[in-house]
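Each remark here refers to the structure printed beneath this line.
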Amino acid sequence: MMLSKILYVDMDNVLVDFQSGINQLDFQTKIKYVGRLDDVPGIFGKMLPVENAIDSYKELCRHFDTYILSTSPWENHSALADKLNWVKKYLGEHAHKRLILTHHKNLNIGDFLIDDRTTNGAGEFTGELIQFGSEKFPDWITVKKYLMENK
């Protein structure tokens, strides 16, 4: 079966529950990194998946040419490795060599991008931006249903 449509999925607050990583930080670390918690070394390795994200991602892989498109904080030197290890741990073979880290998501060509924000080029993506967590797409159930209807 040839997969024709390309789907990009963001990590932070789409696949990965960013708050779950923050919740594991001690008080001193939260104070030290106030306003820039994504710079905490190792924080991306602490995060848990968003509800229904893993099963939804794996199912969508059967119908779309699926990639993970995420941004890695420039000043967090462990973030690149942490994100790669998270993908390997939770998505395994479904995401093998399908992780793209960029600050310019709009440079990737595809049909759909699931992202919670419009920053880092997501708002200029030439395909359709599915804004995760919005009123129209509040969760993975609604996102998956929409994509399956538009594959």
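The shown structure was predicted, so the numbers you read here are calculated from the model rather than taken from an experiment.
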Can you give each donor-acceptor pair under 3.5 Å made by side-chain atoms of residues 106-116, sequence neighbours left out, with the distance rounded to 0.1 Å?
residue, atom, partner, partner atom, Å
D111, OD2, I6, N, 2.7
D115, OD1, R117, N, 3.2
D115, OD2, K105, NZ, 2.5

Apply the test side-chain contact (heavy atoms from CB on, under 4.5 Å) to residues V16 and W86: give CA-CA distance (whole Å), side-chain angles for both, the deciding distance (0.1 Å), then the verdict. CA-CA 9 Å; V16 177; W86 191 97; 3.5 Å; yes
To the nearest 0.5 Å, what is the distance between [atom1] ([X]) and [atom2] ([Y])?
{"X": "L101", "Y": "S72", "atom1": "CG", "atom2": "OG", "answer": "5.5 Å"}
{"X": "T102", "Y": "N120", "atom1": "OG1", "atom2": "CG", "answer": "8.0 Å"}
{"X": "E59", "Y": "F64", "atom1": "CD", "atom2": "CZ", "answer": "10.0 Å"}
{"X": "M11", "Y": "L99", "atom1": "CE", "atom2": "CG", "answer": "6.5 Å"}
{"X": "S56", "Y": "K144", "atom1": "OG", "atom2": "NZ", "answer": "4.0 Å"}
{"X": "R98", "Y": "I68", "atom1": "CZ", "atom2": "CD1", "answer": "10.0 Å"}

[Y] side chain reached by [X] side chain, heavy atoms, under 4.5 Å:
{"X": "D65", "Y": "L7", "answer": "no"}
{"X": "T66", "Y": "Y8", "answer": "no"}
{"X": "V14", "Y": "V50", "answer": "no"}
{"X": "L147", "Y": "I130", "answer": "yes"}
{"X": "V9", "Y": "Y57", "answer": "yes"}
{"X": "L25", "Y": "V40", "answer": "yes"}
{"X": "N76", "Y": "D38", "answer": "no"}

With sequence neighbours left out, what residues match F44 under ring-ring contact (aromatic ring centres under 6.0 Å, His included)? F18
Applying ring-ring contact (aromatic ring centres under 6.0 Å, His included) to H103 and not counting sequence neighbours gives W74
I'd like to know if L91 and L48 are part of one continuous hydrophobic network [Ile/Leu/Val/Met/Phe/Trp/Tyr, side-chain heavy atoms within less than 4.5 Å]. yes
Among the clusters formed by ILVMFWY side chains lying less than 4.5 Å apart, do V143 and Y67 turn up in the same one? no
Can you confirm whether the side chains of S78 and D82 place a donor and an acceptor under 3.5 Å from each other? yes
Any donor-acceptor N or O pair under 3.5 Å, side chains H63, K151: yes
Could you name each residue pair satisfying side chain to side chain donor-acceptor pair (under 3.5 Å) that touches residues 129-141, not counting sequence neighbours? D139-T142
Scan for side chain to side chain donor-acceptor pair (under 3.5 Å) pairs involving residues 11-21, sequence neighbours excluded, and state none if there are none. D12-K83, Q19-N23
For atom CD of E149, decide whether the heavy atoms of other residues, nucleotides or ligands shown that lie under 6.0 angstrom number more than 12. yes
CD (Q24) with more than 12 external heavy atoms under 6.0 Å: yes
Only residue of N85, I54, L15 satisfying side chain to side chain contact (heavy atoms under 4.5 Å, CB included) with Y90 is I54
Please report the closest heavy-atom contact between P73 and D39, naming both atoms and the distance. CB-OD1, 3.7 Å
How far apart are the C-alpha atoms of M148 and K145, what are their side-chain angles, what is the distance that settles it, and do they pass the side-chain contact (heavy atoms from CB on, under 4.5 Å) test? CA-CA 5 Å; M148 295 306 289; K145 181 179 185 289; over 6 Å; no
Check: residues 29-36 side-chain donor-acceptor pairs under 3.5 Å, at least two apart:
residue, atom, partner, partner atom, Å
T29, OG1, D26, OD1, 2.9
T29, OG1, D26, OD2, 3.3

